[in-house]
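For reference, the structure discussed in these notes is given below.
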Amino acid sequence: MSIDEEKRAAGAPSHAGPATDTSSAAAAGPATGAGGPAPKKRPKRGWIVAGVVAAVIVVAGAGFWVWHEQPSFCNAICHSPMDYYVETYDSGDPQLGVTVHAKAGESCLDCHTAELTTQISEAMAWVSDSYPMTEDGTMLATGKQFASEEFCARPECHGGKSFDEITAGLWGFAGNDEKYNPHANHEDAALECGDCHKAHENQVLVCNECHDLTLPEGWEAPNVQ
């Protein structure tokens with residue numbers, strides 16, 4: 001065999017099939033199957049949106065409840081007859097009983113419990129515009145019904161003192177003679193708290209319809225009205 005024939009025999013492939021390009025196969029990476037690469041999972045946007053909406057509702061509800069507890073809520077939407085009451089609550093007038101409550105941090109709903117039956121009746125009165133008002137149209141005609149001993153002398157009010165404990169400290173009130181006590185009257189308890197103690201009006205010492213007693217600061221005599 002000649003030298004040229006030996007060189008040709010050494011360079012020939014060992015089999016008859018075509019040569020493969022291993023470099024291009026390596027670059028292609030591992031096979032992914034006939035279906036191609038698996039799609040990436042997208043986040044479930046529906047759950048995210050629902051979570052955001054729920055969070056907004058919770059925050060809005062909490063904010064509404066805080067506002068619901070403030071006096072400004074009472075006349076903001078449906079209680080237009082409450083305008084006068086809210087104005088006097090914020091007035092700081094020392095002659096009004098509500099001023100003492102405001103300074104103590106007590107708001108309307110601390111005393112006037114918002115019961116469902118009451119709210120329904122108030123809503124019906126507002127829709128029908130049938131609130132019972134005083135002759136001058138400034139106040140609710142039924143306001144005095146709240147100022148009873150049962151309502152005003154509850155254990156949680158007035159520093160936890162009972163009506164009897166409050167009464168015991170009123171002998172010689174406002175510098176008067178020790179024999180006078182406005183809660184120990186001789187009218188057989190015919191008076192209610194609201195006859196003297198007026199939250200949104202000037203407080204009146206009814207005793208002075210007959211007596212001439214020194215008035216507590218900020219109070220007025222009956223004949224002044």
Side-chain angles (χ1 to χ4, degrees), residues 69-75 79-115 118 131-225:
E69 301 296 303
Q70 306 303 315
S72 58
F73 175 82
C74 296
N75 70 330
H79 291 319
S80 55
M82 300 302 294
D83 289 344
Y84 174 79
Y85 295 91
V86 175
E87 291 170 2
T88 53
Y89 180 89
D90 294 324
S91 69
D93 188 341
Q95 291 185 307
L96 307 181
V98 72
T99 299
V100 178
H101 294 81
K103 288 182 177 179
E106 302 291 337
S107 65
C108 307
L109 292 179
D110 289 319
C111 295
H112 303 283
T113 305
E115 297 178 352
T118 303
Y131 277 102
M133 304 294 291
T134 55
E135 292 183 2
D136 58 7
T138 58
M139 302 183 68
L140 292 170
T142 57
K144 186 183 173 182
Q145 69 178 334
F146 293 108
S148 63
E149 181 178 336
E150 180 183 7
F151 181 82
C152 297
R154 292 178 292 181
E156 64 268 27
C157 301
H158 308 288
K161 293 181 179 180
S162 66
F163 182 81
D164 291 339
E165 289 174 324
I166 295 171
T167 299
L170 290 178
W171 294 102
F173 73 102
N176 290 290
D177 192 287
E178 289 293 326
K179 67 181 179 180
Y180 293 113
N181 187 324
H183 283 191
N185 64 76
H186 53 80
E187 296 297 324
D188 296 325
L191 298 175
E192 287 284 6
C193 302
D195 290 317
C196 296
H197 301 278
K198 302 179 185 297
H200 299 277
E201 297 176 279
N202 290 353
Q203 302 186 87
V204 178
L205 186 62
V206 175
C207 302
N208 276 17
E209 289 180 347
C210 300
H211 302 278
D212 186 21
L213 302 176
T214 301
L215 298 172
E217 183 179 0
W219 287 56
E220 62 184 31
N223 56 5
V224 175
Q225 294 185 310

query: Under 4.5 Å between any side-chain heavy atoms of Leu213 and Cys207, yes or no?
result: yes

- request: Could you tell me the separation between the CD atom of Gln95 and the CG atom of Asn202, rounded to the nearest 0.5 Å?
  value: 4.0 Å

field: Partners passing side-chain hydrogen bond (donor to acceptor under 3.5 Å, both in side chains) against Thr88 (at least two apart in sequence or in another chain)
entry: His200

task: For residues Glu106 and Val100, determine if any side-chain heavy atom of one lies less than 4.5 Å from a side-chain heavy atom of the other.
output: no

- prompt: Are Lys198 and Val204 close enough that some pair of their side-chain heavy atoms sits under 4.5 Å apart?
  reply: yes

- prompt: What's the shortest heavy-atom distance between Cys196 and Val206, and which atoms?
  reply: SG-CG2, 3.5 Å

- request: Quick one: pull up CE in Met133 and CE in Met139 and give me the separation to the nearest 0.5 Å.
  value: 9.0 Å

message: I need the minimum non-hydrogen distance between Gln203 and Leu96, along with the two atoms involved.
response: NE2-C, 4.1 Å

- request: Inspect the surroundings of NE2 in His197 and state if more than 12 heavy atoms from other residues, nucleotides or ligands are less than 6.0 Å away.
  value: yes

field: side chain to side chain donor-acceptor pair (under 3.5 Å) between Asp136 and Thr134, intermediate numbers included
entry: CA-CA 5 Å; Asp136 58 7; Thr134 55; 2.6 Å; yes

- prompt: Is it the case that more than 12 heavy atoms not belonging to Asp177 sit under 6.0 Å from its CG atom?
  reply: yes

- line: Correct closest heavy-atom pair for Pro222 and Asn208 would be CD-CB, 3.8 Å

- prompt: Are any non-hydrogen side-chain atoms of Leu140 and Tyr85 less than 4.5 angstrom apart?
  reply: yes

query: What's the spacing between Leu170 CG and Asn181 CG if we round to 0.5 Å?
result: 5.0 Å

- prompt: Looking at CD of Glu192 and CZ of Phe151, how far apart are the two atoms once the value is rounded to the nearest 0.5 Å?
  reply: 12.5 Å

statement: Note: Leu205 and Trp219 closest approach over all heavy atoms is N-CE3, 3.6 Å

Set of residues satisfying ring pair (Phe, Tyr, Trp, His ring centres under 6.0 Å) with respect to His183, sequence neighbours excluded: Phe163

field: Minimum-distance pair of heavy atoms, taken over all atoms of Thr167 and Ala184
entry: CG2-N, 4.4 Å

- prompt: Do you know which two heavy atoms are closest between Tyr180 and Phe173, and how far apart they sit?
  reply: O-CD2, 3.9 Å

query: Looking only at atom types and distance, does a side-chain atom of Asp90 sit under 3.5 Å from a main-chain N or O of Glu87, one as donor and one as acceptor?
result: no

field: Short side-chain to backbone donor-acceptor contact, His101 and Asp110, under 3.5 Å
entry: no

